[in-house]
2 protein chains.
Amino acid sequence: MTNLKYSRQREAIKEYLASTTCHPTADTVYMNIKKLYPNISLGTVYRNLSLLAEHGEIIKISCGDGSDRFDANIGQHYHLICSQCGEIIDLQMDSIDHINAIANASFPGKINGHTVYFYGTCEKCLKTEKYS
Amino acid sequence: MTNLKYSRQREAIKEYLASTTCHPTADTVYMNIKKLYPNISLGTVYRNLSLLAEHGEIIKISCGDGSDRFDANIGQHYHLICSQCGEIIDLQMDSIDHINAIANASFPGKINGHTVYFYGTCEKCLKTEKYS
DNA sequence: GTGCTTGCAAAGGTTTTGCACTTAT
DNA sequence: ATAAGTGCAAAACCTTTGCAAGCAC
């Protein structure tokens with residue numbers, strides 16, 4: 001974990017991520033930062049997203065749909081992946097940290113964390129759904 | 001979802017997956033099926049793994065480490081990803097299905113499933129760990 | 001000045017796809 | 001006979017990396 005020296009590009013990436021709740025992909029971040037810094041390269045975006053994730057300033061979401069996504073919200077929260085539109089939506093919900101204890105109960109190793117993705121239908125898609 | 005016609009290759013893939021609990025990648029499946037059918041192509045393996053997952057005969061595990069993994073155990077169970085050796089281990093544990101209800105409680109859409117990956121240290125790595 | 005950061009382009013790894021041929025039904 | 005499956009190779013896709021130049025400290 002190397003030292004971080006200031007860079008405008010990284011700062012812009014952080015700001016952009018903080019400004020949205022839509023969990024963009026690296027490419028989406030790239031497209032948006034480009035508006036401000038037209039010369040930024042995709043490699044720089046990837047490098048900074050990795051660095052920021054490594055330093056715990058952002059979260060990397062790998063939901064297995066091709067590209068990873070990124071989230072500046074590092075507080076404890078969970079995600080819903082809408083089966084219809086594919087969007088990732090933040091869930092406000094009670095803690096489910098106790099599932100670690102449940103998993104640990106009969107496991108000979110040691111569990112210290114978890115990643116959860118919920119699947120379902122988001123509010124928007126539910127409203128326009130053809131089949132109730 | 002197309003009809004499935006019998007094929008030796010697909011049958012071999014199913015059998016191989018059923019014979020192991022180690023959650024192989026597509027490439028590992030390919031290597032192993034090759035022993036039986038030396039001419040099988042990687043494309044065929046990918047096509048069949050997708051088909052089988054689509055039909056619910058196997059599960060695709062995307063833990064975000066580069067390659068997807070596959071599992072013939074389609075019963076309800078969870079996985080631990082060992083932070084030290086990277087292996088994926090099946091967890092026998094009580095149901096945590098109630099987390100859907102917790103997530104649903106204050107969500108305006110509809111939740112009907114979840115994917116959980118636990119992180120920690122497997123038994124083997126725990127034993128050889130330097131720092132207690 | 002030193003070392004982290006950048007842009008660019010090339011390469012890497014994983015997965016998908018087009019095509020002509022083969023096989024199951 | 002027809003539609004699904006196959007092998008092969010190329011392409012697509014996402015991400016990482018080597019390098020020389022630039023910038024922060």
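Within every chain, numbering begins at 1; the chains are lettered A, B, ... in the order of the sequence lines, protein sequences first and strands thereafter. Keep in mind that this is a model prediction, so the values were computed, not measured.
- Between Tyr78(B) and His114(B), the angle of the ring planes stays under 30°, which puts this pair in the parallel group of the 30/60° scheme.
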Please produce a list of atom pairs where a protein N or O lies less than 3.5 Å from an N or O of nucleotides 16-18 of chain D.
unit_1: dG18(D); atom_1: O6; unit_2: Arg47(A); atom_2: NH1; d: 3.3

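- Residues Phe118(B) and Ile99(A) are in side-chain contact: their nearest non-hydrogen atoms beyond the backbone lie under 4.5 Å apart.
- Between the CG atom of Leu49(B) and the P atom of dT6(D) there is a distance of 11 Å, rounded to whole Å.
- Side chain of Arg69(B) to backbone of Thr25(B): no donor-acceptor contact under 3.5 angstrom is found.
- Within the 4.5 Å cutoff, no side-chain heavy atoms of Thr21(B) are placed close to those of Asn73(B).
- Rounded to whole Å, atom P of dG7(D) lies 12 Å from atom CG of Leu36(B).
- Regarding Asp68(A), its CG atom lies at a distance of 11 Å from the P atom of dC14(D), rounded to whole Å.
- At the phosphate of dT6(D), neither OP1 nor OP2 sits under 4.0 Å from any side-chain N or O atom of Ser41(B).
- A distance of 8.5 Å separates CE in Met93(A) from CD in Gln76(A), rounded to the nearest 0.5 Å.
- At least one side-chain heavy atom of Tyr16(B) sits less than 4.5 Å from a side-chain heavy atom of Pro24(B).
- Rounded to a whole Å, the CD1 atom of Ile40(A) is 14 Å from the P atom of dC23(D).
- For DNA chain D, the neighbouring residues in residues 4-32 of chain B, judged by any heavy atom under 4.0 Å, are Leu4(B), Lys5(B), Ser7(B), Gln9(B), Arg10(B).
- With sequence neighbours excluded, no residue forms a salt bridge (charged side-chain N to carboxylate O under 4.0 Å, His left out) with Glu15(B).
- Within the 3.5 Å criterion, the main-chain N or O of Gln9(A) finds no donor-acceptor partner in the side chain of Thr44(A).
- Between Glu87(A) and Lys124(A), at least one side-chain nitrogen of the basic residue sits less than 4.0 Å from a carboxylate oxygen of the acidic one, meeting the salt-bridge criterion.
- The distance between atom CG of Asn48(A) and atom C1' of dT15(D), rounded to the nearest whole Å, is 14 Å.
- For Arg69(B) and dT15(C), the CZ to C1' distance is 16 Å, given to the nearest whole Å.
- For dC25(D), neither phosphate oxygen OP1 nor OP2 lies less than 4.0 angstrom from any side-chain nitrogen or oxygen of Asn3(A).
- If you take CG of Asn39(B) and P of dA9(D), they are 12 Å apart, rounded to a whole angstrom.
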